[in-house]
*Asks:* 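What follows is a single structure, and I will ask about it in a moment.
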Amino acid sequence: MAYPSMGEAHRRITDYLNKFSDAVSDQDVASLAQLFSFSSNSPSLLSLADALNFFQDANRLIKQSDKFSQFGEILAPLFRSLQSYRLGNLVDAYHAFEKFANAFIQEFRNWESSWALQALYVIAYEIRVLAERADRELASNGKSPEKLKGAGSFLMKVFGVLAGKGPKRVGALYVTCQLFKIYFKLGTVHLCRSVIRSIETARIFDFEEFPRRDKVTYMYYTGRLEVFNENFPAADHKLSYALTHCNPLREANIRMILKYLIPVKLSLGILPNAWLLEKYNLLEYSNVVQALKRGDLRLLRHALQEHEDRFLRSGVYLVLEKLELQVYQRLVKKIYIIQKQKDPSKAHQLKLEVIVKALKWLEMDMDLDEVECIMTILIYKNLVKGYFAHKSKVVVLSKQDPFPKLNGKPVNS
Amino acid sequence: MDESGRRRQQWRNHPSSSASASPSTGPTRFRSQQYSSNPTKTTQSSNFVPRSTTTTGTTPHNTRNPGYVPRWKSVSNANNQQEGETEAGEEVGSIVGTCPFMCPEGERAQRERLRDLAIFERLNGDPRKTSPALAVKKVKFHIVSHHRLQNCGSSSISSLQYLNMEQLMKTLASLYTLYEANHSSNSIYENEAEFRSFHVLLHLDSKSQQREESLSFWFRRVPSLVMKSNEMHFARQVLRFYRMGIYRSFLCTVSAEASYLQYCIIEPYVNEVRALAVSYINNCCYKLHPYPLEDLSKLLMMKESDMESFCHACGLKTLSDDGGNKLLPTKQTTFCNPKGSFQSYSILGLQQYERSIYSSGNCRQTTA
C-alpha cells in the first residue's frame with residue numbers, strides 16, 4: 001500500500017468533505033450516494049481510507065470550517081467506519097457505520113423533499129451487507145453473531161421514518177425488502193409479518209406508487225412466505241406477479257422466482273415446458289414433471305431423493321412430496337385407459353389387485369389395505385370420481401369425467 | 001397467575017440439563033421384542049425417573065443403590081406442586097422407571113456448584129445440593145408430562161398443558177441451539193436425531209405454522225446427516241402421511257417404529273387420524289356394502305371391542321347382521337369429529353407403552 005504524503009492525504013480528505021457538503025446543498029443524490037457505498041470498493045473510497053488512516057486527525061479538518069462541521073456528527077463516524085473497513089476490522093466498521101447511519105437519518109428527517117432517498121437506499125443496503133460481514137467475523141472468532149439482528153432493528157427505525165404522509169413514503173418498500181433479506185437470512189421470518197401488515201393495510205401506502213423493482217422483490221419474498229405456508233393460490237398470484245413484472249434481462253432473478261413458482265404450479269396441476277426448465281437451469285424439476293406426466297411414483301421418489309438437499313434448502317421439499325397424490329391419480333388413469341382399450345364395457349371397474357400389481361412393477365410394495373387407503377383418499381379429495389366396494393375390493397369409476405383435472409386449484413384438503 | 005409465574009421461575013432453561021450431555025443414558029427407543037409382562041423389571045430404556053414430591057426434598061435412603069426404583073405418587077401439596085403434576089385429588093397412578101439417574105453425575109455436580117438447581121431438585125431445600133434421584137432431564141420430563149396431561153381430561157389442566165408445552169418448546173429450542181453451536185463437520189450427537197424428530201412430531205399440524213416458523217423453514221437449519229437419520233426419516237414419513245391423510249401407513253408406521261417418547265407426542269394424533277379414516281370410508285364406500293367392523297378395526301389398528309364405540313363417537317350408527325357381525329353402513333350424513341378429549345384407544349402393537357403409563361391408574365383409558 002503506497003502511503004500518501006501528508007499533503008496528499010490532507011487534499012483527499014478535504015476534497016471528500018467538499019463533495020459531501022456540495023452534494024447536500026445541490027441536492028445531488030447520485031454524487032452523495034457514491035460517497036458511502038463501501039461495498040463498491042471504488043478506488044476513490046479506498047484511497048480516501050488510506051488517507052484517513054495515515055492522517056489520523058480528520059476531525060480537526062471537519063471542525064475547520066462551518067461548511068463541514070455542520071455535518072460533523074455524520075462525517076466523524078463515517079470516517080471511522082471507512083478506516084476500520086479498510087483495515088479489515090468489520091465489527092468496528094459496522095459499529096461506526098451504524099452511528100453514521102443514525103446521524104444521517106436525523107438529518108434526513110429534516111429534509112422536506114424526498115431528494116435523498118437513493119442515498120438512504122444505499123445506506124440500507126450497505127448496513128445489511130456490512131452486518132453480515134461483521135457477523136462472519138464474530139463467528140470466526142467464536143463469538144455470538146448479532147450485528148445483522150441489530151441492522152434489522154435499525155432498518156425498522158428507518159421504516160418508521162419513511163412511513164408518513166409525505167413523498168418519502170415510496171422508499172418504504174425498498175427498506176421492507178432489505179428487512180426481508182435480513183429476516184430470511186436469520187431465519188426469523190415471523191418478523192416479516194408486521195412490516196407486511198404495515199405495507200398492505202396502512203392507508204398511507206398505495207402499492208402501485210412504489211417503484212417497480214421494489215414491487216417485484218416484495219412479491220417474490222411474500223410469495224415465498226406463502227409457499228412455506230402452503231397457500232398455493234396466494235403463492236401463485238404473488239410469484240406470478242413477480243415473474244411478469246421482472247425485467248426479462250435479469251435472468252438470474254427470473255430463475256429465482258421460477259424456483260418457487262414451479263412447485264406451486266405443479267401443486268395446481270400446471271406443468272412447465274421442458275424448454276423453460278432448460279433455459280433457466282432448473283433441471284432438478286425435470287424428473288418431478290416426468291413423474292407427474294407418467295404416473296410414475298418411483299420416479300417421483302427417486303427425484304426427491306436425488307435432489308433432497310437442494311429441495312430442503314430452498315424449502316420446497318414438503319410441497320413436492322405432496323404431489324404424490326396427483327401421481328397416483330395419473331397412474332390409476334393410465335390403468336383405466338388401458339382397460340378401456342381392452343374392454344370398454346368393464347373399464348370403469350378397477351380391481352384393487354390390478355393397482356397393486358401396477359405398483360409392484362414400479363417396485364413399490366404396497367398391500368391391499370394401503371392401496372385401498374390411497375383410493376379412498378383420491379375419491380374423497382375428488383381426484384377420482386366414483387366409489388369403493390370394500391367387499392369386492394373394486395373401485396367403481398363414474399362414467400363421466402372420472403379423473404377431474406385440478407385446473408389451477410389445489411388438491412382439496 | 002402468580003403461582004404459575006412462580007412455578008415458571010423454578011424452571012430455568014439450563015441447556016446442559018438436556019439430553020445432549022448424557023453419555024450415561026441409553027437410547028429411548030423401545031423395541032416391542034423386549035417387552036415382557038412386567039415392564040418395570042425389563043424396560044431399561046424407559047429412562048424417566050419421577051421426582052420425589054415431598055416438600056423438603058428428602059430422599060429415600062438408598063438412592064445410591066443402582067437398583068433403586070423411585071415411585072411417584074401424585075400428592076396434593078400446594079407449596080411444592082410443579083408444572084406437569086395434576087391438581088389435588090386426581091389420581092393418575094405411578095410411573096416407574098428403572099434407570100437410577102436422570103441427570104448425569106458430571107452435570108449434577110456442575111449445577112450444584114453453580115447453584116443452578118430448581119426448587120424441587122434441592123436436597124433438604126439447600127440450593128447447593130441435589131441428588132441423583134432429584135436432578136431431572138427436562139426434555140423427557142416435559143414430553144411425558146405432555147402426554148399425561150393430554151390423557152387426564154380435566155379442564156383445569158389446560159393452563160398446565162399450555163405452560164408445559166411452552167417449556168418443552170423452549171427446552172428443545174435451546175437444545176437445538178447447543179447442537180448447532182457445537183457441530184463438527186461429520187458427526188452428530190448420539191440423541192440428536194431423536195430429539196430433532198420431536199420438533200417435527202410436535203408440528204404435524206400445519207395450522208400451528210401460521211403463528212410460528214414453518215417446518216419447511218426449520219428443515220433448512222438441520223444438518224444433512226441428521227435429516228437422513230432413521231429417527232428423522234420416521235418423523236418425516238409420519239408427517240407426510242398425516243398431512244396427506246394416508247391413515248393406513250400412518251398407523252402402521254407409528255405402530256412399527258415409534259419410540260416411547262415419540263409415541264407420547266404422536267398419540268393425540270392417532271385418534272384424529274382414525275376419525276379421518278372413518279370419515280373417508282363413510283364418504284367413499286359403496287352404500288350397499290356396509291363395512292364390517294372387524295375389518296375396520298384391523299385397518300385402524302384398534303381392538304374390535306372399541307371400534308363400535310369409536311364409530312358412535314364419530315356420530316355414526318352401526319348395525320348387526322343376521323350372523324351377529326357388526327357393520328358400519330356408509331354414506332351416513334351424521335359424521336362429526338369426536339369432540340374434546342375422548343377415550344384413549346390403544347394402538348395395537350404399542351400397548352406396552354400404554355401399559356407402562358397406565359399401570360394402575362384411574363385415568364380414563366382402556367386396559368388390556
Side-chain angles (χ1 to χ4, degrees), chain A residues 139 142 144 183-184 187-191 193 224-231 304-305 308-309 311-319 321-325 328 366-381 384-396 411-413, chain B residues 177 180-181 200 206-207 209-225 227-228 232 236-237 239-241 243-253 273 276-292 295-296 298-301 327-328 330-331:
Chain A
S144 134
Y183 294 148
F184 269 70
T188 52
V189 290
H190 58 283
L191 294 175
R193 236 178 295 130
R224 277 182 66 181
L225 288 174
E226 301 286 9
V227 176
F228 285 141
N229 293 329
E230 296 186 9
N231 290 333
L304 288 178
Q305 206 179 357
E308 182 175 332
D309 287 343
F311 290 149
L312 284 170
R313 227 176 321 120
S314 58
V316 298
Y317 189 94
L318 293 182
V319 173
E321 245 186 0
K322 288 233 184 86
L323 296 174
E324 195 173 287
L325 291 179
Y328 275 119
M366 291 172 69
D367 62 31
L368 277 173
D369 284 335
E370 287 171 293
V371 175
E372 177 182 321
C373 172
I374 296 290
M375 289 316 301
T376 46
I377 296 173
L378 292 181
I379 294 171
Y380 190 89
K381 295 190 186 218
V384 167
K385 275 223 207 107
Y387 62 81
F388 177 69
H390 170 72
K391 220 197 265 183
S392 36
K393 300 254 180 267
V394 167
V395 175
V396 180
V411 175
N412 287 347
S413 49
Chain B
T177 310
E180 282 159 25
V200 178
S206 56
K207 278 184 255 154
Q209 275 179 188
Q210 302 310 324
R211 282 170 283 114
E212 307 164 27
E213 186 192 41
S214 81
L215 267 181
S216 282
F217 212 74
W218 184 80
F219 279 149
R220 294 176 2 151
R221 292 210 306 266
V222 181
S224 178
L225 260 181
M227 286 301 269
K228 295 182 163 65
M232 280 300 276
R236 288 164 63 190
Q237 277 202 309
L239 176 73
R240 184 171 109 241
F241 296 146
R243 289 209 181 160
M244 290 203 279
I246 305 179
Y247 49 87
R248 177 66 185 161
S249 303
F250 177 90
L251 293 169
C252 288
T253 307
V273 169
L276 189 78
V278 168
S279 88
Y280 284 2
I281 287 171
N282 177 54
N283 180 280
C284 306
C285 286
Y286 189 34
K287 192 163 185 175
L288 297 182
H289 290 172
Y291 211 107
D295 294 352
L296 191 58
K298 286 208 187 84
L299 191 71
L300 301 184
M301 305 190 78
L327 307 164
L328 174 71
T330 58
K331 303 287 191 190

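We use all heavy atoms of the structure for the numbers below, so side chains are in, but hydrogens, waters and symmetry mates are not. The shown structure was predicted, so the numbers you read here are calculated from the model rather than taken from an experiment.
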*Asks:* Given that the side chain runs from C-beta out, which part of A:Asp309 has a heavy atom under 4.5 Å from chain B: side chain, backbone, both or neither?
*Replies:* side chain
*Asks:* Find out whether A:Val189 and B:Phe217 are in side-chain contact, i.e. whether some heavy atom of one side chain is under 4.5 Å from a heavy atom of the other.
*Replies:* yes
*Asks:* Let me confirm one number: the CZ-CD distance from B:Arg243 to A:Glu321, rounded to the nearest 0.5 Å.
*Replies:* 9.5 Å
*Asks:* Could you check whether A:Glu324 pairs with B:Arg240 (Lys NZ or Arg NE/NH1/NH2 to Asp/Glu carboxylate O, under 4.0 Å)?
*Replies:*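 Looking at B:Arg240 together with A:Glu324, the answer is yes, because their closest N to O distance falls below 4.0 Å.
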*Asks:* At a 4.5 Å cut-off on heavy atoms, which part of B:Ile246 comes close to chain A: side chain, backbone, both, or neither?
*Replies:*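 Both parts, heavy atoms under 4.5 Å.
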*Asks:* Nearest 0.5 angstrom please: B:Met244 CE to A:Leu323 CG, how far?
*Replies:*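 It comes to 9.0 Å.
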*Asks:* Please give me the minimum heavy-atom distance between B:Arg220 and A:Phe228, naming the atom from each residue.
*Replies:* NH1-CZ, 4.3 Å
*Asks:* Tell me if the NZ atom of A:Lys391 is crowded by more than 12 foreign heavy atoms within 6.0 Å.
*Replies:* no
*Asks:* Quick check: are there more than 12 heavy atoms from other residues, nucleotides or ligands sitting under 6.0 Å from NZ of B:Lys331?
*Replies:*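 Counting other residues, nucleotides and ligands, NZ of B:Lys331 exceeds 12 neighbours.
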*Asks:* Looking at B:His289, B:Lys287, B:Arg221, which one has more heavy-atom pairs under 4.5 Å with chain A than the rest?
*Replies:* B:His289
*Asks:* Measuring from B:Arg248:CZ to A:Ile374:CD1, what's the distance to the nearest 0.5 Å?
*Replies:* 12.0 Å
*Asks:* Side chain, backbone, both or neither: which part of B:Lys298 has a non-hydrogen atom closer than 4.5 Å to chain A?
*Replies:* neither
*Asks:* Just wondering, do B:Arg236 and A:Tyr317 contact through their side chains at under 4.5 Å, heavy atoms?
*Replies:*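 Counting from C-beta outward, A:Tyr317 and B:Arg236 do come under 4.5 Å.
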*Asks:* With rounding to the nearest 0.5 Å, note down the distance linking OG in B:Ser216 to CG in A:Leu225.
*Replies:* 11.5 Å
*Asks:* With heavy-atom distances below 4.5 Å as the criterion, would you say the side chains of A:Met375 and B:Cys284 are in contact?
*Replies:*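 Counting from C-beta outward, A:Met375 and B:Cys284 never come under 4.5 Å.
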*Asks:* So, taking the atom named OG1 in B:Thr330 and the one named NE2 in A:His390, what distance separates them when rounded to the nearest 0.5 Å?
*Replies:*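 Result: 11.0 Å between the selected atoms.
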*Asks:* Taking atom types as modelled, find out whether A:Thr376 and B:Tyr247 have a side-chain donor-acceptor pair closer than 3.5 angstrom.
*Replies:*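 Short answer, yes.
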*Asks:* Got a second to check how far A:Glu370's CD is from B:Phe241's CZ, nearest 0.5 Å?
*Replies:* 7.5 Å
*Asks:* Please classify the contact of B:Leu288 with chain A as side chain, backbone, both or neither, using a heavy-atom distance under 4.5 Å.
*Replies:* neither
*Asks:* Classify the ring geometry between B:Tyr280 and A:Tyr380 as parallel (under 30°), tilted (30 to 60°) or perpendicular (over 60°).
*Replies:*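 If you compare the ring of B:Tyr280 with that of A:Tyr380, the planes turn out tilted.
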